[in-house]
Chemist: 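Dumping the structure here so I can ask a few things about it.
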2 protein chains.
Amino acid sequence: MNMSESAAKPPTSADVARLAGVSRSTVSYVLNSPPGARVSAETRERVLKAVRELGYAPSAPARSLRSGNSDVVLFPLPLQPMGQLLETFIDELTEALRRQELSLLIHADRYARGADAARAWAALRPLAVLAESARLTDGAVQVLRRAGVRAIFAWGREEHPGVPTAIFDNRDSGAVAIRHLIGNGHRRIACLVPAGPLAALGADRWEGAKGAADEAGIQLRRVDVGYVREDILQVVRGWQRETDPPTAVFANNDDFALMIISALRECGWSVPDDMAVVGADDLPFCDLVWPRLTSVAMHTRTMGGGAADALTALMENKPYKHRDHMVVHPRVVVRESG
Amino acid sequence: MNMSESAAKPPTSADVARLAGVSRSTVSYVLNSPPGARVSAETRERVLKAVRELGYAPSAPARSLRSGNSDVVLFPLPLQPMGQLLETFIDELTEALRRQELSLLIHADRYARGADAARAWAALRPLAVLAESARLTDGAVQVLRRAGVRAIFAWGREEHPGVPTAIFDNRDSGAVAIRHLIGNGHRRIACLVPAGPLAALGADRWEGAKGAADEAGIQLRRVDVGYVREDILQVVRGWQRETDPPTAVFANNDDFALMIISALRECGWSVPDDMAVVGADDLPFCDLVWPRLTSVAMHTRTMGGGAADALTALMENKPYKHRDHMVVHPRVVVRESG
DNA sequence: GTGAAAGCGCTAACAT
DNA sequence: ATGTTAGCGCTTTCAC
C-alpha cells in the first residue's frame, strides 16, 4: 500500500463505473438505492467491490450541488466558553441527529458575527443551523433563509422572533439560587461575580440574582472576584472582620463554589453551618465532595433533543410553528452545602 | 423583510450578474480577485451592491467542486471525552488556522471508525484532517489520501507511521507524577484509577504510573474508584485502618484530586502533611484552592500551533517530512498539595 | 435492469 | 476590462 502521496485526483463514480464495467448511473443506484432503483445482486456486488478497491468516497460537495440539499446540521461554536457543557451538549445533539441520519458539523469561528457569520455558515449550504440567538441578527437570519437553509434554531437568552428558540436564561439560574437561599431563611447573602472568560455568563447570573433579591426586599451583596486565589481569601478575611457577615453565598458557578468553600475552611469556617454555598452548572463533582455541593442545573438535554425533534417535524413537512419557543428552566439540586 | 420562509432556491452568481448587469465571470472576479483579474471600481461596486441586495453567499460545495480544493481543515471530535481540554484546543487551533485563512470544521461523530470514519471525512473533501492516531488506521489513511486530502495529521498516544503525529501519551503523565512523588521521598504510593467515561484515559495514566514505580522498585497500589462518593470514602477509611497507609496518592486527574482531598480532610487527614496528592490536567482551579493542587500539565498549545505550522509548510510546498513527529511532554506543576 | 445525457453553481482559460 | 464557454462529480429523468 502506498500511503506516501496524496492522489492528484480522487477517484470518481466514473472510475468506479469503469472498473465495474457499468454506467455511472448504476453506481449511483447501488450507492443510494433510491425508491425506484433496481439493480441485480451480481451487478451490485461488482460495483461495491470496485468501490472498496478504489477507496472511493462520493464527493459531498458534488452531491450537495446536484441534489440541492445536504444532511448537515451546522452548529456554530458558541461565542462564550461553555466548559463542560459544550461536550455534553454536542454529544446529546449528535446522538439525536444520528437517529435521523443527519450529521452534525461544528463551525469553529468565534470571530464572525451577524450577517458575516451567517454568510460563512450559509456557504456550506447546511440543512439546518442551530445558533446562539445573540448571533442570529435579522440580517443573519435573512442570509440563511435566502441560502435555502431549511431550518434555523436559536438558543440562548433572548427569544428570537421568527425563529424557534430554546430559551436558556442564566439570569434565571441566579434567581432560583437566591430564592432557594432566601427560602432557607438567609437574609444576608453575597453573590460572587467572576472576572475573566466567564464574566459575561457571570454577569447574567448576577443580574438574575439581584432581581430575585430585590423582589424579596433583601440586599444582595455583589462580590467581584478575579481568577486569583488572593481575591477569594481577601473576601473571606473581610467577612471575618464583620459583625454581621453574610450567612450564604451564591458562588455563580461550581468552580467558584469549590474555591470559596476551600477558602472558608482555610479560615476556619464550616459549610454550611457558618456559611451556606450554592454553585451553578451542577458539574459531576458536586456529588463527590464534602460537603456535597448544592448547585443550579439546566436541563441541557431538552435543548439537543428539542432541536432534533423540531427537525424531525420539519423533515416530515409538518407545519413549522414559530411560536414553538421552549424555555429551559433551571432548578436547584439541593445537596449539603446550602 | 420577509423572514418567514426559506427561499426555494438560493440566489446564484448568475442572479447577482443579472442584477448588476455584468457576466458571471465578472462576479467571480470581484468576489475572489484572483491574480490577473482587473475589474473597474465602478463595476466592482455594482456587483457588491447586488450581492448585498440579494443576500448572496457563494456555494462552498460548488466552489469546492470546481476548484478541486477547499479551505477546510477537518477535526473529527475525539472518541474520548476531553473535558475542558477540548474547548481550549479548539480555540488554539482555530486561532492558528485563521491566520492562514483556513477554517476549522469539527465533525461530530463518535461512532464511525477506521475506513468508515475516513470515508465520511473524505466525503467533505477537506484540505486537511487532524485526527486521533487511534482512529487513523492504515485503511483510513489510504481513503483520505485517495480522496485528495492534502495533509493528514495525527495526534495521540501512538506514533503513526507515514503521518506526522503529535505524540501525546497519557502514560507519560502518570509516569512523571509518580517520579515526582518518589523524588519527594514517598515510598508508599497509591494511584486512583477512575471508572466511567474517563476509564480509558485513566488506564493509560495508571499504566505509566505503574511503569515508573516498577522502574524505581517501588510498589504502586492500584485503587479503582467509581464516580461515587462512597467509593472515595471507603478508600480513605481503609487507609485509616492500616498501619502503613500510603503517604502519597496520584489522583489520575484534577477532579479526583479534589475529591480525594475533600475526603481526606473529612476524615481528619491533612494534605500534604498526612498525604500528598497530585492531580493531572492542570485545570484552572488548581491554583485557586487550599492547598494549591500539584498537577501534571500537557502543553496542548504545541499541538494546535504545531499542526498549523505543519500546514503552512505544506501550503508553501515545502518538503513534507514524515519524520516530523513531535512529542508533547507532560510536566509536573508543583504547588502545595504534593 | 442499465445507459445516455442534462444540469446543479461555480471558476478559469480563452476570446473579444 | 468584460463576456463566452467548458467542465468539476454527481443524481435523475428518460430511453432502451
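Order of the sequence lines sets the chain letters (A, B, ...), proteins ahead of strands, with each chain counted from 1. Please read all numbers here as calculations on a predicted model, not as lab measurements. For the numbers below, each heavy atom of this structure counts, side chains included, while hydrogens, waters and symmetry mates do not.
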Chemist: Please work out if A/Pro61 contacts a base, only the sugar-phosphate, or nothing of the nucleic acid, heavy-atom cut-off 4.0 Å.
Modeler: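 Counting heavy atoms under 4.0 Å across all strands, no contact is made by A/Pro61.
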Chemist: Taking CG from A/Leu54 and P from D/dG9, how many angstroms apart are they, rounded to a whole number?
Modeler: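 Between P of D/dG9 and CG of A/Leu54: 14 Å.
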Chemist: Which nucleotide sits closest to the side chain of B/Tyr29: D/dC8, C/dC14, D/dA1?
Modeler: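 Out of D/dC8, C/dC14, D/dA1, the nucleotide with an atom closest to B/Tyr29's side chain is C/dC14.
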Chemist: The side chain of B/Ser40 is closest to which nucleotide in this list: D/dA6, C/dG1, D/dA1?
Modeler: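 The closest nucleotide is D/dA1.
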Chemist: Can a salt bridge be assigned to the pair B/Lys49 and B/Glu45 using a cut-off of 4.0 Å between side-chain N and carboxylate O?
Modeler: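 Salt bridge flag = no for B/Glu45 with B/Lys49.
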Chemist: Choose from C/dT11, D/dG9, C/dG3 the nucleotide whose nearest atom is closest to any side-chain atom of B/Leu65.
Modeler: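 It is D/dG9.
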Chemist: Using only side-chain N and O atoms of B/Thr26, determine if any of them is under 4.0 Å from OP1 or OP2 of D/dG3.
Modeler: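 Checking B/Thr26 against D/dG3: at least one side-chain N or O falls below 4.0 Å of OP1 or OP2.
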Chemist: Using whole Å, report how far NZ of B/Lys9 lies from C1' of C/dG7.
Modeler: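 In whole Å, C/dG7 C1' lies 10 Å from B/Lys9 NZ.
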Chemist: Between B/Glu132 and B/Arg110, is there a salt bridge with N-O shorter than 4.0 Å?
Modeler: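 Result for this pair is no, no salt bridge flagged.
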Chemist: Less than 6.0 angstrom from the centroid, inside 45 degrees of the normal: does B/Arg98 satisfy that with respect to the ring of A/Tyr111?
Modeler: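 Yes, B/Arg98 lies over the aromatic ring of A/Tyr111.
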Chemist: Which sits closer to the 5' end of DNA chain D, B/Arg66 or A/Asn32, going by the nucleotide each is nearest to?
Modeler: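 Going by which nucleotide is closer to the 5' end, it is B/Arg66.
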Chemist: In whole angstroms, how far is the P atom of D/dG9 from the CG atom of B/Leu124?
Modeler: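 Distance, rounded to whole Å: 16 Å.
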Chemist: Please check the phosphate of C/dC10 (OP1 and OP2 only) for any side-chain N or O of B/Arg63 closer than 4.0 Å.
Modeler: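 Looking at the OP1 and OP2 atoms of C/dC10, neither is under 4.0 Å from any side-chain N or O of B/Arg63.
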Chemist: Of the nucleotides D/dT12, C/dG1, D/dA6, which has the atom closest to the A/Thr43 side chain?
Modeler: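 Shortest atom-to-atom distance from the side chain points to C/dG1.
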Chemist: With sugar-phosphate meaning primed atoms plus P, OP1 and OP2, does A/Ser28 contact a base, only sugar-phosphate, or nothing at under 4.0 Å between heavy atoms?
Modeler: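 Base, at least one base heavy atom under 4.0 Å.
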Chemist: Which nucleotide, D/dC10, C/dC10, C/dG1, lies nearest any side-chain atom of B/Arg24?
Modeler: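 Nearest listed nucleotide: C/dC10.
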Chemist: Hey, which of these two, A/Pro34 or B/Val22, hits DNA chain D nearer its 5' end, going by closest nucleotide?
Modeler: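 Final value for this comparison: B/Val22.
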Chemist: For D/dT5, does the base pair up with any side-chain atom of B/Ser25 as donor and acceptor (N or O, under 3.5 Å, distance only)?
Modeler: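 Check fails, no donor-acceptor contact within cut-off.
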Chemist: Below 3.5 Å, does any donor atom in the side chain of B/Ser13 face an acceptor in the base of C/dG9, or the other way round?
Modeler: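 No pair found.
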Chemist: Closest to the B/Arg125 side chain: D/dC10, C/dG3, D/dG3?
Modeler: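 Nearest listed nucleotide: D/dC10.
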Chemist: Verify the distance criterion only: is there a donor paired with an acceptor across the side chains of B/Ser28 and B/Ser25 at less than 3.5 Å?
Modeler: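 No, B/Ser25 and B/Ser28 have no side-chain donor paired with an acceptor closer than 3.5 Å.
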Chemist: Among A/Leu74, A/Asp71, A/Leu102, which residue satisfies the side chain to side chain contact (heavy atoms under 4.5 Å, CB included) criterion with A/Leu127?
Modeler: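 Output: one option passes, namely A/Leu102.
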Chemist: Can you find a side chain N or O atom of A/Ser23 that sits less than 4.0 Å from OP1 or OP2 on C/dG3?
Modeler: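 True: A/Ser23 side-chain N/O within range (under 4.0 Å) of C/dG3 OP1/OP2.
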Chemist: Which part of the nucleic acid does B/Ser64 contact within heavy-atom distance under 4.0 Å: base, sugar-phosphate only, or nothing?
Modeler: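 No contact at all - B/Ser64 keeps every heavy atom at 4.0 Å or more from the nucleic acid.
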Chemist: Would you indicate what B/Val27 reaches in the nucleic acid, counting non-hydrogen atoms under 4.0 angstrom: base, sugar-phosphate, or nothing?
Modeler: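 B/Val27: no heavy atom of the nucleic acid under 4.0 Å.
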Chemist: Separation of B/Asp71 atom CG from C/dC10 atom P, in whole Å?
Modeler: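 About 16 Å, once rounded to whole Å.
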Chemist: Using whole Å, report how far CG of B/Asn69 lies from P of D/dG9.
Modeler: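 Rounded to the whole Å, the gap is 12 Å.
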Chemist: Relative to each other, are the rings of B/Phe89 and B/Trp155 parallel, tilted or perpendicular (30° and 60° limits)?
Modeler: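 Judged by the thresholds at 30° and 60°, the geometry between B/Phe89 and B/Trp155 is tilted.
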